[in-house]
Amino acid sequence: MRLPAKATHQQTRAFNEGLVLRTLYDLGPISRADVARLTGLTRTTVSDVVADLLSNGLAEELGRGPSTGGKSPILVGVVADSRNVVGLDLGEGAFAGALVNLRGDVRLTDEEPVNGPDGGEAIAATYRLIERLLAAAERPILGIGIGAPGVVDTETGVIRWAVRLDWQELPLGRLVSERFGLPTYVANDSRAAAVGEYLFRQGGRIENLVAIKVGTGIGAGIVLGGRAFQGDGHGAGEIGHISVVDDGTLCRCGRFGCLETIASTRAIVVAARVAAAEDPTTALAAPARNGQYPTLDDVRDALEAGDETARWIVVAAGRALGRAIAGLIGTLNVERIVLLGRVTVLGEPWLDAVRDEARRRSLGPLVEHTSIELGSADDDIVMLGSSALLMTRELDLVPRR
Ligand SMILES: [Zn+2]
């Protein structure tokens with residue numbers, strides 16, 4: 001938060017409020033005198049602002065601290081549950097939502113099934129999920145943070161293009177904000193996941209991180225210097241539609257040979273279906289005997305049973321992703337790379353292929369200290385990340401643990 005050169009009285013007050021709130025949040029329980037000392041504000045200003053924060057419930061008095069000579073001072077801190085944020089993950093198969101408090105603790109979760117790429121129905125499902133969460137909320141709601149697939153302009157809340165949901169130039173942020181009368185922040189889901197990983201799993205202790213989410217789509221979220229990097233056209237990390245195969249197969253985006261056509265869960269399942277049709281002796285053909293197609297879980301089962309065809313498919317997918325990661329390592333030299341999403345059920349054989357290929361195609365000194373790890377299996381990371389982005393924008397608070 002930067003104070004404008006010619007600040008009005010109101011702006012000054014808002015700035016001071018933000019500064020005091022952030023200090024209470026980051027360092028509380030803390031005395032008013034210490035807040036004044038640390039912020040450079042006068043004790044009168046701090047007392048006025050704290051009085052406001054106490055009356056609107058954002059802060060509370062938490063007993064007395066040690067005396068430094070005179071009367072022992074009253075300590076003040078932020079009330080984590082004074083506000084909740086609605087965090088959404090417009091994921092595959094289902095949209096998930098949560099009520100999250102100001103410390104990033106999930107208070108309630110809900111889900112809304114979504115079938116197929118019907119853009120209108122996807123909007124309706126988003127509304128239904130938010131309606132239910134708001135109805136269940138027991139605390140005032142600060143706002144709504146949404147992690148959505150595709151290219152998202154976070155400044156305007158416009159989804160430029162989400163292939164999976166068939167959304168193009170959709171002003172989702174404005175629609176949601178107007179419908180529910182709440183501040184709304186929309187971010188790309190991989191970017192929200194990267195922020196969630198950075199703040200809640202790595203505790204904000206590192207500077208840079210890349211989180212790559214692999215499901216039916218593939219996207220990377222990039223945190224540089226502690227901030228989510230957007231790119232000039234809001235598409236930073238959209239690696240899923242980089243064309244990696246010459247004369248490759250048709251992608252959902254209308255072009256050919258995209259990374260998604262070889263490394264996504266959809267690509268893996270399609271390859272398994274083709275293999276099952278060609279070779280009835282492979283373990284992948286087992287579901288076909290019951291008239292069903294192999295799923296990603298069937299691929300994993302076949303892999304664990306030692307099926308060579310399954311192994312070949314999984315390794316090919318892992319290698320393709322590893323190639324893309326080598327590009328990221330060479331460009332960004334980021335040493336912490338976290339892999340998320342459904343594909344991680346494939347475990348070590350897939351992860352080894354990703355790592356081997358990324359290392360093989362990168363300059364030695366660059367990969368020496370690079371870790372490529374599976375992220376947390378918890379599937380609330382996008383909801384946590386999108387709610388944290390909303391909190392940062394609305395109150396300038398950065399939750400972490
Ligand atoms: Zn594509």
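Ligands are counted one by one from 1 in listed order, and the atoms in each one are counted from 1 as well. The basis for the numbers below is simple: all heavy atoms, side chains too, and nothing from hydrogens, waters or symmetry mates.
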Please report, to 0.1 Å, the donor-acceptor pairs under 3.5 Å made by any side chain of residues 238-250, with sequence neighbours excluded.
from, atom 1, to, atom 2, distance (Å)
E238, OE2, N188, ND2, 3.4
H241, NE2, E260, OE2, 3.2
S243, OG, F256, O, 3.1

P183 side chain reached by R393 side chain, heavy atoms, under 4.5 Å: yes

Polar protein atoms (N, O or S) that approach the Zn ion (ligand 1) to under 2.8 Å: H241 ND1, C251 SG, C253 SG, C258 SG

Side-chain polar contacts of residues 46-56 - donor-acceptor pairs under 3.5 angstrom, sequence neighbours left out - could you list them?
from, atom 1, to, atom 2, distance (Å)
S47, OG, R43, O, 3.1
D52, OD2, R13, NH2, 2.3
S55, OG, D52, O, 3.0
N56, OD1, L58, N, 3.1

Tell me which donor-acceptor pairs under 3.5 Å the side chains of residues 318-345 have, and how far apart each pair is, sequence neighbours excluded?
from, atom 1, to, atom 2, distance (Å)
T331, OG1, G327, O, 2.6
R336, NH1, Q202, OE1, 2.3
T344, OG1, G341, O, 2.6

Modelled atom types, side-chain donor and acceptor of D279 and T282, under 3.5 Å: no

4.5 Å side-chain heavy-atom contact, D89 and F95: no

